[in-house]
Amino acid sequence: MTVSIERQGEIAVVTVNNPPVNALSQALRQGLFDAAEALDADPSVKAVVLACAGRTFIAGADVGEFGKPPMPPHLPDLVARIERAAKPWIAAIHGSALGGGFEVTLGCRFRVAVSSASVGLPEVRLGIVPGAGGTVRLPRLAGVETAVDMVTTGTPVGARKAHEAGLIDAVIEDDLVAGAVASARAALDRPLPDALRDRPVAAVAEGFWEAAAKTVAARAKREEAPLSALACVRRAAEADFETAIAFERETFLALRGSPQAAALRHVFFAERAATRPPELAGVTPWTIRSAAVIGGGTMGAGIAAALRDASLPVILVERDDGAVERGLANLRAIFHSAAKRGRISTDAAAERMAGITGTTDYAALSDVDLVIEAVFEDLDVKRDVFARLAAACRDNAILATNTSYLDPERIAEGIRRPERFLGLHFFSPAQMMKLLEIIPTRASAPEVVAAGFALARMLNKIPVRAGICDGFIGNRILKVTRAQAERLLLSGATPPAVDAAMRAFGLPMGPFEAQDLGGLDIAAFQRKAARARGETPFAPIADRLCAIERFGQKSGGGWYDYPPGDRTPRLSETVAAIIAEEAKDWPRLDWDEDAIADCILLPMINEGASILADGTALRASDIDLVKIHGYGFPRWRGGPMHYAQAQGLDKVVEALNTLATEGLADPPCDLLLEAARHGGFSDASR
Ligand code: T1G
Ligand code: NAD
């Protein structure tokens with residue numbers, strides 16, 4: 001039963017129960033509509049409290065129904081029905097009242113919530129706008145500024161701030177339903193406030209809309225929904241209620257069927273599926289209450305900061321006392337800049353730092369639950385570290401490596417109790433980047449792998465299981481991206497043209513700007529190791545730049561020149577000369593932005609398909625999450641694999657064959673050909 005009604009005297013309590021998050025499925029909409037009808041017809045009912053069972057209030061429309069034909073009662077009609085009810089409805093909110101769930105409360109005359117609750121209209125994060133009056137009733141309740149902020153960012157508001165902003169009428173400290181019933185009774189003794197539909201929208205200052213459009217456009221970049229949401233609030237402020245409601249509905253329906261909305265829905269479900277991989281269902285993870293990090297450099301400091309952000313006590317181990325001090329200084333700098341940017345308070349920064357102990361003594365690790373190694377990318381150095389860890393740590397302590405390219409099997413070779421070892425691959429800066437590649441070895445115990453996923457939830461990161469190969473999922477595709485970028489230069493394109501094309505596609509920066517920021521040396525290490533294994537990585541120009549120590553911003557020049565103290569990329573004659581020499585036997589082609597993007601994206605998709613084929617990734621959606629959360633692939637395109645399907649895999653195969661005949665890419669792999677025949681990658685998420 002999704003809707004039940006019980007009476008507390010003249011107050012009816014309507015309880016919704018539709019696990020897991022009380023999403024507004026057709027059955028729930030019908031149940032609530034029928035309840036409104038029945039309660040209106042019962043003269044003994046003076047007011048209605050709307051509450052929810054389970055862990056949250058209504059978390060919105062049932063996103064799973066989006067791809068299906070809409071069934072009545074439609075949500076706008078349900079909200080309007082509750083709003084014109086003969087008795088006042090009071091929404092009693094716990095957990096999250098989001099999207100359609102919050103819109104239902106805007107149909108109610110009053111809203112009360114427990115202090116831990118939040119309310120919001122996150123629809124823009126799904127590429128749509130509120131579709132049940134949220135952009136029209138919210139400015140009538142809390143003013144245009146609050147409405148614009150909430151609907152264009154999608155960021156929920158906590159109960160106390162919501163109360164200050166007039167979004168809710170009261171914060172209930174004790175029993176929510178009892179508090180709501182009491183509020184309902186009290187409301188019956190006073191004149192009822194107007195329904196939101198009958199309230200005016202307060203005027204805004206001259207120039208408000210133009211300024212808001214600038215801010216929203218800058219933040220939204222290429223995402224369409226935020227500016228559409230702003231237009232809906234403006235219509236609500238400048239037109240009558242019915243006109244504004246119709247405009248919102250029209251905008252909602254248009255966006256719901258858009259490629260961006262399909263992509264963002266795909267990512268929404270992929271992110272949720274990623275945290276609970278079916279292959280680990282029922283496996284109890286080893287507990288993590290304390291941690292240690294070996295190496296306090298770029299990654300070690302970032303990882304330690306992320307662990308502290310999750311309130312875990314951290315021991316930082318370095319080679320010598322000087323290095324310990326440098327590691328602690330790196331951490332202080334991270335927390336200092338987080339406080340400077342208002343992400344945390346200065347007190348919190350001090351508290352984070354207080355929870356870190358620096359040492360060179362492995363004996364200090366005798367009782368930690370988890371150790372993450374982030375020392376130099378050198379096999380012998382890492383093997384020595386794990387030999388010492390295997391001796392110093394408990395048998396049920398998790399031992400993890402943050403290697404980018406080395407084989408975790410070889411790093412762990414010979415250690416005692418290898419079932420406690422796995423790869424945990426963070427991305428730089430580790431305290432910010434959401435992605436965590438989890439790389440089990442053949443010996444890794446399922447409970448240890450499950451602990452990796454539990455750690456990701458603790459650190460609020462997106463976990464993706466990756467198999468062992470050179471570069472796992474993300475860096476393996478990155479190698480292809482870089483090789484393609486070089487092929488473009490050798491066939492007539494320039495670094496700024498390639499970077500501009502990829503930025504136009506939606507990436508925060510192009511492949512050459514990104515290499516200069518991260519440093520060309522890490523990939524050079526990787527190519528050296530690959531050549532030692534007898535492989536032939538393709539990077540003729542990057543090899544020559546590294547040979548003359550052009551490692552990027554950190555050495556004053558890489559693909560671009562950087563004057564001292566200035567991170568603005570400048571064209572480099574040296575690089576242009578090297579490209580010209582290397583390109584002398586290559587055919588020169590004319591490259592426009594789309595052709596450049598295809599030359600990079602299509603081989604990326606092809607590599608994704610071969611990663612699926614050899615099981616390095618279990619799901620195409622996992623590859624999408626890796627590229628979005630680790631490499632800045634635009635979320636509103638859904639990731640490379642979703643993008644490929646949206647373009648049509650047969651078209652992708654055809655375009656790849658063209659690139660292959662021009663010697664600019666490998667031909668489509670078998671799995672991609674098969675997926676094109678079947679119209680999709682087998683596991684594409686719903
Ligand atoms: N529809 C369908 N399923 C949903 C859902 C939804 N709205 N929200 C969550 N789920 C599923 C999710 O896939 C997962 O399933 C399970 O619930 C638990 O979710 C007209 C049209 C509420 C804060 O954008 O933000 O209303 O993986 O792991 O961490 O204007 O879920 O177990 O099978 O995320 O506790 C607007 C989306 C919709 C809110 C709970 N609403 N949800 O977080 O659990 S658009 C949203 C969330 C709309 C109207 C428009 C979070 C949460 P499974 P979970 P959680
Ligand atoms: P880094 O050079 O910045 O830091 C390495 C640190 O390890 C140094 O502080 C060094 O003193 C310390 N160290 C070396 N040997 C040690 C030992 N035996 N015991 C204790 N400490 C020791 O390097 P980084 O960029 O932080 O990379 C660390 C690891 O993370 C590498 O495996 C790298 O491939 C991987 N990684 C790097 C990135 C990145 O973008 N930098 C991203 C993901 C993974």
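No hydrogens, no waters, no symmetry mates; every other heavy atom, side chains included, goes into these values. Ligands are counted one by one from 1 in listed order, and the atoms in each one are counted from 1 as well.
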Just distances here: any N/O of G131 and N/O of ligand 1 closer than 3.5 Å?
yes
Quick one: does P20 get a heavy atom under 4.0 Å from ligand 1?
yes
Is P122 close enough to touch ligand 1? Criterion: a residue heavy atom under 4.0 Å from a ligand atom.
yes
Work out whether the distance between some heavy atom of R326 and some atom of ligand 2 is less than 4.0 Å.
no
Just to be sure I'm reading this right: ignoring hydrogens, which of R457, E123, R276, E271 gets closest to atom 28 (O) of ligand 1? Compare them by their nearest heavy atoms.
R276
Per-residue contact class, F426 against ligand 2 - non-hydrogen pairs under 4.0 Å
backbone
When you measure from the heavy atoms of R55 to every atom of ligand 1, does any distance fall below 4.0 Å?
yes
Counting heavy atoms only, which of G295, A323, G297 comes nearest to atom 4 (O) of ligand 2?
G297
Please say whether the positively charged group of K627, taken as NZ for Lys or CZ for Arg, lies over the ring of Y631, i.e. under 6.0 angstrom from the six-membered ring centre and within 45 degrees of the axis.
yes
Could an N or O of ligand 2 be found under 3.5 Å from any N or O of T403, whether backbone or side chain?
no
Among side-chain atoms of T155 and R125, is any donor-acceptor pair under 3.5 angstrom?
yes
Run the numbers on Q526 and D470 for side-chain hydrogen bond (donor to acceptor under 3.5 Å, both in side chains), then give the verdict.
CA-CA 9 Å; Q526 178 273 329; D470 190 32; 2.7 Å; yes
I'd like to know if atom 30 (O) of ligand 2 has any protein heavy atom within a distance of less than 4.0 Å.
yes
Quick note on ligand 2: atoms under 4.0 Å from a heavy atom of V385 include exactly 18 (N)
Below 3.5 angstrom, do we get any N/O pair linking A61 and ligand 1?
yes
Below 4.0 Å from any atom of ligand 1, is there a heavy atom belonging to L126?
yes
By number and element, which atoms of ligand 1 are closer than 4.0 Å to a non-hydrogen atom of F252?
21 (C)
So is A59 polar-close to ligand 1, meaning N/O to N/O under 3.5 Å?
yes
Below 4.0 Å from any atom of ligand 1, is there a heavy atom belonging to R125?
no
Relative to atom 36 (C) of ligand 1, which among G99, S25, G101 owns the nearest non-hydrogen atom?
G99
Check for a donor-acceptor pair, side chain of K461 on one end and backbone N or O of M433 on the other, with a separation under 3.5 Å.
yes
